[in-house]
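These notes concern the structure reproduced below.
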There are 4 protein chains.
Amino acid sequence: MPTKKKPQVTAAAPARRRELLDTAAEVFAEQGYNATTVRKIADHAGMLAGSLYYHFDSKESMLEEILRTFLDELWDGYDTVLEAGTGPRETLEALVTESFREIDRHRAAVAIYQKESKQLVAQERFAFLAESQRRFEKAWLSTLERGVAERVFRADLDVRLTYRFVRDTVWVAASWYRPGGQHSPEEIARQYLSMVLDGIAVRA
Amino acid sequence: MPTKKKPQVTAAAPARRRELLDTAAEVFAEQGYNATTVRKIADHAGMLAGSLYYHFDSKESMLEEILRTFLDELWDGYDTVLEAGTGPRETLEALVTESFREIDRHRAAVAIYQKESKQLVAQERFAFLAESQRRFEKAWLSTLERGVAERVFRADLDVRLTYRFVRDTVWVAASWYRPGGQHSPEEIARQYLSMVLDGIAVRA
Amino acid sequence: MPTKKKPQVTAAAPARRRELLDTAAEVFAEQGYNATTVRKIADHAGMLAGSLYYHFDSKESMLEEILRTFLDELWDGYDTVLEAGTGPRETLEALVTESFREIDRHRAAVAIYQKESKQLVAQERFAFLAESQRRFEKAWLSTLERGVAERVFRADLDVRLTYRFVRDTVWVAASWYRPGGQHSPEEIARQYLSMVLDGIAVRA
Amino acid sequence: MPTKKKPQVTAAAPARRRELLDTAAEVFAEQGYNATTVRKIADHAGMLAGSLYYHFDSKESMLEEILRTFLDELWDGYDTVLEAGTGPRETLEALVTESFREIDRHRAAVAIYQKESKQLVAQERFAFLAESQRRFEKAWLSTLERGVAERVFRADLDVRLTYRFVRDTVWVAASWYRPGGQHSPEEIARQYLSMVLDGIAVRA
DNA sequence: AATGAATGAGATTTCATTCAT
DNA sequence: GATGAATGAAATCTCATTCAT
């Protein structure tokens, strides 16, 4: 087997990479991407800062891989939901539940995404975030619009505002959610859906 | 040349200070505190980086002053609401409306607060953030609990979860809100309250 | 005078820049570009490594400016010679003499150019070196060709080989030439021309 | 596991060593010694960076061996020429021809020698370069001086300047020469000698 | 009030080299 | 003989901050 160059970007030895990326994601989520030094990541991984560069090209490439991996899995889940062809209310419920499951599985990545993506999209390298945002918006908006058309969701709301409301409502949870706590993701999803769909006021 | 240097802590020329702090807040909000260099702030203000130090002790002191000013005004508003002694639903409506007014007035500061406060509270200097968070939580929680007790809000909800839901729901709006847009803060507050209180589903 | 940004690339304060560039060129020439650390340059300039970045964007940008400045001046001289419309022998003599004068004035830059340009041209940023090389080749080749046509230069030589011979013959001198030595540039030019034109063998 | 590690200094498996050194020389010549990473050499050789250390002690020892091998062969050729006891013109012609043959055989090594030796001589390890330079200078100078004494070369030339002229004139050719091109080394030597001995001007 | 120049600490990155397997 | 992972030293660069003018 001749000349291969760069072991890094190749998904050659995925085990150690994954470990290190999980570590990095944890630190990024906790301290913020900019405030996280490569040394801190290395400390957490029990190695020297320079050693990380055997596995990754740069701090930024770690961030990219963390976000890409997360979004790939997220869309796997979402696509399954969207292709199921269920009614708008069931679709919305499934999307919310799926979102909380992703928060459960990728808490760190979600927190990073929430905090950093607005800054990152401007960079060419992170253009895939914008693409994901577009698909995201389309999925939610069309579900809401179908729901309004089918009189399942209230027609007197501004749809874009409602979209933002639902979207944010779900994802900010990543900032306080701790996996393994007293609530399972499905339980939290159920409560959130109850609030979003029926409100917190007592029905007249 | 008598006495000391550095007139900054002196409240002299408060107009220029305010201008500069607004500029700084804008840049902090747009790029993130860590990613914002003193040079960028100075560029926006039409001066050189070093010149800012005539007005402020440090980058951190700018951040502190921005957040303190915002929280002081926020609590002026909240305290008025809380001391009015209205019923839980009216109090909640007033708090949400007041919050959107603050977002309107201090959009940059709110965005900074949302993004950075979690990291900052750990520092002695920003302990006032923790204090504010405690008062905040108390205000909302007690309003919700009063509402549940008075059967104005649903009893079947996890109150802490509901608190986070309402809190996040309101404040994340700062990440997309643009003052002077098509919706006034009061209008947005009304729509949000409608969703939060009554849900987005059509009533059976 | 409002917002100006970046004092560096702007030719704002040319005095200190020039000093620092001269220092840098000296070190680059002596130790080679790659082997020269920014710290060494700073040491020679009596400042700290980081301080250089107030004046220049990067080590590479120093190199670029050194080479550009040199080539600009070189072409000022060459163009004057080429536009004089003299015969091929006089043109060649003038070009050689001008070259030794440039070596005298920009010894460091010439040495750097000689040693590094082959590696550098591959980079986008140093594409201007390729452009200069093309003009260079054209100037010398056409002079030689005119000379052959006018029977001033021998016709039995391979013109491209002759071009390389003459070109290298002149410029490698930069690797050993020391300004202020016993020979003036004009004197060296005269000797070189004597060898190049008439050879070192005794005439039959 | 008895005795030591590292069999490299042992002359075992000299074929692979030679191959690897040729590869290394090629890369050193193309990119410069400092700019060449051990990884690049390994890439070209189809192995990983660390694997090179089975064969060699260090990057520097590769360089040393490349230059030593080249100079050993060079001096074999030169000594034969110098001991032949021919007249100064024939000696000079033979030295130049031999030089072009060496460029043909060791193009990479010659290019490295040209570019790096000035920096290297300062190091103890490369003191042999200085020794070679002294012998080199002596060989050429004495040949030129004999030529002047025997009225074969012009007496009106500065001998040291002429020495540098001839030396540079020959060796820089390594920077553009490509083996297997249209000119054989002997052909190029003949043309160079024609220029050096008789000049490029038409004889009056 | 502001500029221009510098400092100094620390960040990211590079890379020759080592070594257990 | 070669790989994969790591080390550790050093290099480039960034940036908040200082200070004489």
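Numbered from 1 within each chain, the chains take letters A, B, ... in sequence-line order.
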Could you tell me if the side chain of [Y] sits less than 4.5 Å from the side chain of [X], heavy atoms only?
{"X": "B:E60", "Y": "B:Q123", "result": "yes"}
{"X": "A:F56", "Y": "A:L20", "result": "yes"}
{"X": "B:S175", "Y": "B:K115", "result": "no"}

With a 4.0 Å cutoff (strictly under), does any side-chain N or O of [X] reach OP1 or OP2 of [N]?
{"X": "A:Y53", "N": "E:dT13", "value": "yes"}
{"X": "A:R17", "N": "F:dG4", "value": "no"}
{"X": "C:R16", "N": "E:dA6", "value": "yes"}
{"X": "C:H55", "N": "E:dG4", "value": "no"}
{"X": "A:Y54", "N": "F:dA5", "value": "yes"}

For [X] and [N], what is the distance between atoms [atom1] and [atom2] respectively, to the nearest whole Å?
{"X": "D:I41", "N": "E:dC15", "atom1": "CD1", "atom2": "P", "answer": "12 Å"}
{"X": "A:M47", "N": "F:dA6", "atom1": "CE", "atom2": "P", "answer": "4 Å"}
{"X": "C:N34", "N": "E:dT13", "atom1": "CG", "atom2": "P", "answer": "20 Å"}
{"X": "D:L52", "N": "E:dC15", "atom1": "CG", "atom2": "P", "answer": "15 Å"}
{"X": "C:R39", "N": "E:dT14", "atom1": "CZ", "atom2": "P", "answer": "21 Å"}
{"X": "C:L20", "N": "E:dG4", "atom1": "CG", "atom2": "C1'", "answer": "13 Å"}
{"X": "C:K59", "N": "E:dT13", "atom1": "NZ", "atom2": "P", "answer": "18 Å"}
{"X": "B:L48", "N": "E:dG4", "atom1": "CG", "atom2": "P", "answer": "5 Å"}

Should the heavy atoms of other residues, nucleotides or ligands under 6.0 Å from CD of C:E30 be counted, would the total exceed 12?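 Atom CD in C:E30 is not crowded, with 12 or fewer foreign heavy atoms closer than 6.0 Å.
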Could you go through D:D22 and D:R18, starting from their C-alpha distance and side-chain angles, then the distance that decides it, and tell me whether this counts as salt bridge (Lys or Arg N to Asp or Glu O under 4.0 Å)? CA-CA 6 Å; D:D22 284 351; D:R18 184 108 303 276; 3.5 Å; yes
As an exercise, state the distance from CD1 of D:I41 to NE2 of D:H44, rounded to the nearest 0.5 Å.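 NE2 of D:H44 is found 9.0 Å from CD1 of D:I41.
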Using Watson-Crick and G-U wobble pairs whose two distances are both under 3.5 Å, how do you write the pairing of DNA chain F as dot-bracket, with | for links to another strand? .||||||||||||||||||||
What does C:S51 touch in the nucleic acid at a heavy-atom separation under 4.0 angstrom: a base, only the sugar-phosphate, or nothing?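 Counting heavy atoms under 4.0 Å across all strands, the contact made by C:S51 includes a base.
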Which part of the nucleic acid does C:S61 contact within heavy-atom distance under 4.0 Å: base, sugar-phosphate only, or nothing?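 Nothing, no nucleic acid heavy atom in range.
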First of A:G46 and B:V38 reached from the 5' end of DNA chain F, by closest nucleotide: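 With A:G46 and B:V38 compared, the 5'-side residue is A:G46.
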Which is it for B:E19 and B:R16 under the salt bridge (Lys or Arg N to Asp or Glu O under 4.0 Å) test, yes or no, and what are the steps along the way? CA-CA 5 Å; B:E19 256 179 60; B:R16 189 79 177 112; 3.0 Å; yes
